[in-house]
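Below is one structure; the comments refer to it alone.
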There are 2 protein chains.
Amino acid sequence: MSEEKRPKDQLKAHIRAQNQTLILETSERVFARQGLAKTTTQMIADEAGLPKANVHYYYRSKKDLLEAVLERILRLWLDSVSEFDVEGGPKENLTRYISEKIDQSRANKNASKVFAMALMGEEHFVLDYLRNLFVTELEREKATIQVWVDKGLMAPVSTEHLFISLWAMTQTYADFDAQVKIILQKETLEDNDYDDAKQFITRMVLAGCGVVDDSL
Amino acid sequence: MSEEKRPKDQLKAHIRAQNQTLILETSERVFARQGLAKTTTQMIADEAGLPKANVHYYYRSKKDLLEAVLERILRLWLDSVSEFDVEGGPKENLTRYISEKIDQSRANKNASKVFAMALMGEEHFVLDYLRNLFVTELEREKATIQVWVDKGLMAPVSTEHLFISLWAMTQTYADFDAQVKIILQKETLEDNDYDDAKQFITRMVLAGCGVVDDSL
DNA sequence: GTCTATATGTGGATAGAC
DNA sequence: GTCTATCCACATATAGAC
C-alpha cells in the first residue's frame with residue numbers, strides 16, 4: 001500500500017508547490033498595486049483564479065501570506081546580489097553594483113515596492129531581516145572599502161551614508177516610479193531612461209568618493 | 001439680532017478652525033504611524049480626544065480627510081522651499097538646497113512619510129499635484145542650471161535625474177528612518193547624523209556635477 | 001485538496017437626541 | 001456643534017460537504 005501511495009504523494013506535493021507559487025506571485029503583484037492593507041485575500045484569490053478558502057488553506061492568515069511573500073522576495077534578492085571583490089577596485093565594483101541594483105529593481109519592480117511598503121510600515125519581519133543579514137553584510141563592505149581607502153584608491157567616506165544614498169537612488173526608480181514618470185514626462189520607462197540613471201548615479205558616486213575615473 | 005449673532009458666529013468659526021487643525025494634525029501623525037489604509041477614523045478620533053462622529057462631521061469621508069491632510073502638507077512645503085537663485089551660483093544653491101531638504105524632512109517627518117505613502121499608493125491627489133506644480137517648478141530649475149552650465153560653472157548633467165536623486169537621498173532619512181537607524185545602529189537620529197548626511201550628499205552632488213568645490 | 005456557505009468581527013458613515 | 005446608538009458593507013477566517 002505504501003508503494004501505491006508514493007506517486008499520489010508526489011502529485012499532491014506537486015500541486016501544493018504549484019499553487020503556493022501561484023499564490024505568492026499573485027500576492028506580490030496585488031500587494032504592490034493595492035498596498036499591503038488595502039489588499040484583500042479575495043482580490044488575490046480572484047486574480048489567481050482560486051476560491052478564497054483555497055488561499056487560506058495554504059496560508060492560514062493574511063499576515064502569514066505577507067511574510068511568505070517577503071521571505072521569497074528576500075531570498076531571491078540575496079541570490080542575485082554579487083558581493084564586492086577587493087581585487088577589482090572601487091571603480092569597477094561601484095559601477096557594477098549600481099548597474100545591478102538598478103537592473104534588479106527594474107526586473108522586480110513589484111518585489112521592490114512590497115519591500116519598501118513593508119519597510120515604511122515597519123513590519124517586524126523586514127526590520128529583523130535588516131538587523132540580521134544586512135548589517136553583517138555591510139560590515140564586510142565596510143572592510144573592503146577601508147582597504148581601498150588605505151591603498152589610496154578612494155577618499156575616506158562614510159560607508160553607512162554611502163550605502164544609504166546608493167539604496168535610495170537606485171530604489172527610487174522602482175518604488176516611486178509614478179513620480180519618476182511624471183518628472184521624465186513618460187508613460188513608461190525605457191532602456192535609455194535606466195541607462196541615463198545608471199550613468200548619472202555612477203558618475204556622482206565615483207566623483208563623490210574621489211575615485212579616479214579615467215574614462216571621463 | 002444680526003448684531004448679536006456675529007460674536008456667536010465668530011465663536012463657532014473659532015471652534016471649527018481649532019477642531020479642524022486638531023483633527024488634521026492628529027491624522028497626519030496616525031496616518032504616518034499606521035499607514036494610510038490601516039488607519040481608522042476611530043483611531044484618529046481617540047487620539048484627538050473626540051468622538052468618531054465629530055471627525056466625520058468635519059470631514060465627511062476618510063478620503064476627504066486624507067486629501068485635506070495632504071493639501072495641508074503640500075501647502076506648508078511650498079512655503080518653506082526656497083527657489084534657486086541664479087546669481088548665487090551652483091555651489092551655494094545646491095548646498096543650501098540639500099541642507100534645507102534634509103532639515104525639512106527631519107522637522108516634518110510625519111508629513112514626509114504620509115506624502116511618500118500616498119505617492120507609492122499612487123493617490124490621484126498627489127499625482128495631480130506633482131503634474132501641475134512640480135513640473136513647472138522643475139522647468140525653472142532646469143533653466144537656471146542651463147545658465148550655470150553655459151557659464152562653465154558646472155558640467156552638463158540631466159536636471160531630471162539630478163532632482164530624482166536629490167529627492168531620493170534627502171527623503172530617505174525621513175521616509176525609511178527605520179532602515180537608516182538600523183544601518184547607523186542608533187535608537188534615534190541626532191544632529192550629527194543629519195550633518196554627516198548633508199556633508200556626504202553635498203560632496204557627492206557637487207563633485208558629480210563638476211562644481212569646483214574650493215573648500216575641499 | 002477543493003470549494004460553498006457562513007460565522008464573526010470591524011470599519012465607514014449617519015440618524016437623531018441633546 | 002456634540003455625541004450615542006446603529007446601519008450596512010465588507011474582510012478575515014473557518015466549518016463542513018464533496
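Protein chains get the first letters and strands the later ones, always in sequence-line order, with residue 1 at the start of each.
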To the nearest angstrom, how far is B:Y57 atom OH from D:dG1 atom P?
4 Å
In whole angstrom, what separates A:K38's NZ from C:dG11's P?
17 Å
Quick check on DNA chain D: between B:K52 and B:G49, whose nearest nucleotide comes earlier from the 5' end?
B:G49
In whole angstrom, what separates A:L65's CG from D:dA11's C1'?
14 Å
Are OP1 or OP2 of C:dT4 and a side-chain N or O of A:N54 less than 4.0 angstrom apart?
no
Are side-chain N/O atoms of B:S158 and A:D196 paired as donor and acceptor at under 3.5 Å?
no
Separation of D:dT2 P from B:I23 CD1 (nearest whole Å):
9 Å
Do B:K62 and C:dG11 share a donor-acceptor pair, side chain to base, under 3.5 Å?
no
Under a plain distance cut-off of 3.5 Å, with no hydrogens placed, do B:T41 and B:K52 share a side-chain donor-acceptor pair?
no
Any side-chain heavy atom of B:Y194 within less than 4.5 Å of one from B:D103?
no
Interatomic distance where CG belongs to B:L36 and P belongs to C:dG12 [whole Å]
12 Å
Below the 4.0 Å mark, does C:dG1 have OP1 or OP2 next to a side-chain nitrogen or oxygen of A:R16?
yes
B:D64 has an atom CG; how far is it from atom C1' of C:dT14, in whole Å?
15 Å
Would you say A:T41 places a side-chain N or O within less than 4.0 Å of OP1 or OP2 belonging to D:dT12?
yes
For A:L50, answer base if it contacts any base atom (sugar-phosphate contacts may also be present), sugar-phosphate if it contacts only those atoms, and nothing otherwise; contact means non-hydrogen atoms under 4.0 Å.
nothing
Which one, D:dG1, D:dT12, D:dA13, comes nearest to the side chain of A:S61?
D:dA13
Could you tell me how far apart A:L66 (CG) and D:dA13 (P) are, to the nearest whole angstrom?
12 Å
Does a side chain donor of either A:S82 or A:E100 reach within less than 3.5 Å of an acceptor in the other side chain?
yes
When you measure from the side chain of B:I15, which nucleotide among C:dT2, D:dA15, D:dT2 comes out closest?
D:dT2
Do the side-chain N or O atoms of B:H56 get closer than 4.0 angstrom to the phosphate oxygens (OP1, OP2) of C:dT14?
no
Closest to the B:N19 side chain: D:dT14, D:dT2, D:dA13?
D:dT2
B:K63 NZ - C:dA13 C1' separation (whole Å)
16 Å
Using 30° and 60° as the class boundaries, would you call the ring planes of B:Y97 and B:F163 parallel, tilted or perpendicular?
perpendicular
If you look at every strand shown and take non-hydrogen atoms under 4.0 Å, does A:Y58 touch a base, only sugar-phosphate, or nothing?
sugar-phosphate
